[in-house]
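Below is one structure, written out as structure tokens; the observations come after it.
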Amino acid sequence: MYKTKKRRRVYVKKSPIAGDGLFAKRNLPDDTVVSFYNGIRLTHQQVDSRDWSLNDYTISLDSETVIDVPSSFSKLASYCASLGHKANHSFDAGCEYDLFDHPRFGMIKSIRTMRKIDCDEELTVEYGYDQHGLGRNDADAPPWYKSQLQNVAAAAGK
């Protein structure tokens, strides 16, 4: 059994979306930082040159740097200093990624609410793989994302 720091705003549990998810421990107001995303720093070239299966827990920090939580550290028993890597994707997300100058980790990503979030609601973010616009087939993204993107585009009539 592992111990984690008691968090006031979020907790992790099995998600109906996929794997583990990040959930609100209490009602959360709009525009509130609820979690952080930190890990190992890699270059975009390092991440782009490897298979998508190794990029499950990566996020772009800036034009040069990617934050990576290696899959061997994806479980809370292995890594729980930040929980942002547990937030699942939704095209109708209640949260967004934002830059944050953390006093311990330096510049990292945070997860910020975009609307009021109810207690026990899953906190989702739009992963933003599709930089070319909704429904484009050339999105540099994993297969599950491309499938969801096509479904959203079809529902929108694009």
Side-chain angles (χ1 to χ4, degrees), residues 1-40 52-53 55-62 66-131 133-136 139-158:
M1 185 72 179
Y2 58 92
K3 287 194 167 234
T4 61
K5 183 177 132 182
K6 186 150 176 90
R7 289 176 168 80
R8 298 179 322 188
R9 295 181 176 152
V10 298
Y11 64 96
V12 175
K13 73 172 188 175
K14 185 159 178 53
S15 167
I17 297 172
D20 288 336
L22 196 60
F23 292 81
K25 190 177 265 188
R26 59 184 174 86
N27 292 334
L28 299 168
D30 178 25
D31 197 31
T32 301
V33 172
V34 295
S35 191
F36 298 104
Y37 199 123
N38 191 36
I40 298 169
W52 266 109
S53 65
N55 295 337
D56 286 346
Y57 299 101
T58 61
I59 187 170
S60 292
L61 179 62
D62 55 38
V66 175
I67 297 174
D68 180 28
V69 177
S71 57
S72 60
F73 291 96
S74 65
K75 303 287 186 210
L76 290 182
S78 302
Y79 177 75
C80 59
S82 64
L83 297 178
H85 64 289
K86 293 298 183 181
N88 281 311
H89 164 79
S90 172
F91 285 110
D92 187 29
C95 300
E96 64 184 346
Y97 292 119
D98 201 2
L99 286 174
F100 193 94
D101 192 1
H102 193 279
R104 179 177 179 195
F105 303 130
M107 196 58 72
I108 62 173
K109 289 285 181 136
S110 66
I111 296 177
R112 179 183 303 275
T113 59
M114 295 188 300
R115 59 172 172 76
K116 292 179 182 176
I117 304 288
D118 293 330
C119 183
D120 298 318
E121 180 179 342
E122 185 165 6
L123 302 168
T124 58
V125 290
E126 206 280 271
Y127 284 1
Y129 291 121
D130 184 28
Q131 302 299 317
L134 186 62
R136 292 274 305 266
D140 187 16
W144 65 263
Y145 185 93
K146 289 180 180 182
S147 175
Q148 283 188 16
L149 185 62
Q150 287 175 345
N151 292 341
V152 168
K158 291 190 174 192

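The first residue of the sequence shown is numbered 1, and numbering continues consecutively from there.
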May I have the step-by-step check of side chain to side chain contact (heavy atoms under 4.5 Å, CB included) for Val34 and Leu123, ending in yes or no?
-> CA-CA 9 Å; Val34 295; Leu123 302 168; 4.0 Å; yes
Taking the six-membered ring for Trp, is the centroid-to-centroid distance between Phe36 and Phe100 below 6.0 Å?
-> yes
Examine distances only and state if a side-chain atom of Ser110 and a backbone atom of Val33 form a donor-acceptor pair shorter than 3.5 Å.
-> no
Between the side chain of Thr113 and the main-chain N/O of Cys95, is any donor-acceptor distance below 3.5 Å?
-> no
Measure the shortest side-chain to side-chain distance between Ile59 and Tyr127 over non-hydrogen atoms and say whether it is less than 4.5 angstrom.
-> no
On a heavy-atom basis, the closest approach of Leu61 and Met107 is CD2-O, 3.5 Å
Name all residues meeting the side-chain contact (heavy atoms from CB on, under 4.5 Å) criterion together with Asn27; count only those two or more places apart in sequence or in a different chain, and write none if there are none.
-> Asp118, Cys119
Qualifying residues under side-chain contact (heavy atoms from CB on, under 4.5 Å), relative to Asp62, sequence neighbours excluded | Glu64, Thr65
In Å, rounded to the nearest 0.5 Å, how long is the span from [atom1] of [X] to [atom2] of [Y]?
| X | Y | atom1 | atom2 | value |
| --- | --- | --- | --- | --- |
| Asn38 | Ile108 | CG | CD1 | 5.0 Å |
| Ser35 | Tyr97 | OG | OH | 9.5 Å |
| Phe23 | Thr124 | CZ | OG1 | 10.0 Å |
| Lys13 | Leu22 | NZ | CG | 11.5 Å |
| Glu126 | Glu96 | CD | CD | 11.0 Å |
| Lys86 | Asp20 | NZ | CG | 4.0 Å |

Partner set under side-chain hydrogen bond (donor to acceptor under 3.5 Å, both in side chains) for [X], not counting sequence neighbours:
| X | value |
| --- | --- |
| Ser15 | Asn88, Glu122 |
| Arg112 | Asp31, Asp98 |
| Asp120 | Tyr11 |

Output all residues satisfying salt bridge (Lys or Arg N to Asp or Glu O under 4.0 Å) with Arg115, sequence neighbours left out; order by chain, then residue number.
-> Glu121
